[in-house]
Amino acid sequence: QQPAVSRRPYRPPLGGGCHGRRRGRGAVFCARADAGLKLLEIPMSTAIQKLFDLTGQTALVTGGGSGLGLAIAEGLSAVGARVVIAARRRDRLESAARLIEERTGNAVTVDVVDIRDRQTVEVLAGRHQVDVLVNNAGGQFPQKARDFSPNGWRSVIDLDLTGTWNMTQVFGNQMLDGGGGSIVQIVAIVGRGLPGIAHSAAARAGVVELSKTLAFEWGPKVRVNCVAPGAFRTDGWESTYDDQVGEDMSGVPLPYPGRPDDVANAVVFLSSSAAAYVTGVYLPVDGGHLLHGPISALPSDGYPERSTSA
């Protein structure tokens, strides 16, 4: 048997996702034609392959129509899961489902939910019995904290914290009353501040602590973990933040933005039997950004209050 290929090619600063697929028995590969990378084939033993195999399991991904959610849904589909993607816009979900089906050969189910609305979450749970829940849906807008309106604050807390809780409790109870499962929360790099998005920092930190608490209360039947993406140049990033945000990453150990498949790989691991003894974990996928400092959501000149001039 050939040894596993351990080296990864150097990754340029910008680019799209890398889509893992099966190629022959006991091997996966990652191809990025748009970046000019050659096929990277990684032989895997049958035992290791089985650890990551989610065949026969149902995985639900919120916000699965684009960006990180789309990559996560594709990754779960690629390892055999029956994937359900849910969000508010059916048209975007249907386009994503077709794309995933083309790439993995596996059908994807589409459903509509507003995670802020508890009733729609309960209706969704009545239609789908899941083994893996990925709470990816969320959002925020960059603004100085002193300028938040009460409604602006509530809108982010309702989506990022309360919406995540609605999904977690409803589907967590389903898992506790059934055969158990795994919950993965997509949060953010917290612990060193998130200047420019203080509302989201509060919400995401709340989800992290909530998840650690539930890992104890719901273990061993339900595992609950968090994945914290760093800087990722998705469509959502481009439409939300100023061009200067995340431009200089020279102080970050891996000085380039991540790709959506980096997050998908972490989610697949935490959802699989390979992580059977992993719960309550907060896993940064940030290129080491936590070693560098906080990620600012506003340009460097966006905080005039920090000026030391008289």
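This is a predicted model, so every value here is computed, not measured.
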| request: Could you please spell out the steps behind the side-chain contact (heavy atoms from CB on, under 4.5 Å) verdict for Y282 and I189? | output: CA-CA 9 Å; Y282 165 77; I189 299 298; 4.2 Å; yes
| task | Measure across A71 and P260 and return the closest heavy-atom pair with its distance rounded to 0.1 Å. | result | CB-CB, 3.4 Å
| request: Using the six-membered ring wherever Trp is involved, compare the ring planes of H199 and F141 and label them parallel, tilted or perpendicular (cut-offs 30° and 60°). | output: perpendicular
| Take atom NZ in K221; do more than 12 heavy atoms of anything else shown fall under 6.0 Å from it? | yes
| remark: Smallest heavy-atom separation, L93 atom then A87 atom, equals CD1-N, 3.4 Å
| message | Less than 6.0 angstrom separating the ring centers of F171 and H128, yes or no? | response | no
| task | Taking all non-hydrogen atoms of both residues into account, name the closest pair between S271 and V132 and its distance. | result | OG-CG1, 3.4 Å
| query | So, R98 versus S95: side-chain donor-acceptor pair below 3.5 Å or not? | reply | yes
| task | Verify the distance criterion only: is there a donor paired with an acceptor across the side chains of D53 and S272 at less than 3.5 Å? | result | no
| task | Identify the two heavy atoms, one from Q185 and one from S211, that lie closest to each other, and give their separation to 0.1 Å. | result | CG-OG, 3.2 Å
| query | Where is the tightest heavy-atom contact between V190 and A205, given as atom of each residue plus distance? | reply | CG1-N, 4.0 Å
| Gap between atom CZ of R103 and atom CG of L70 - 0.5 Å precision | 6.5 Å
| query | Is R118 paired with E122 through a side-chain N to carboxylate O contact shorter than 4.0 Å? | reply | yes
| query | Shortest non-hydrogen contact from L270 to S182? | reply | O-OG, 3.4 Å
| query | Any Lys/Arg nitrogen of D261 or R259 sitting under 4.0 Å from an Asp/Glu carboxylate oxygen of the other? | reply | no
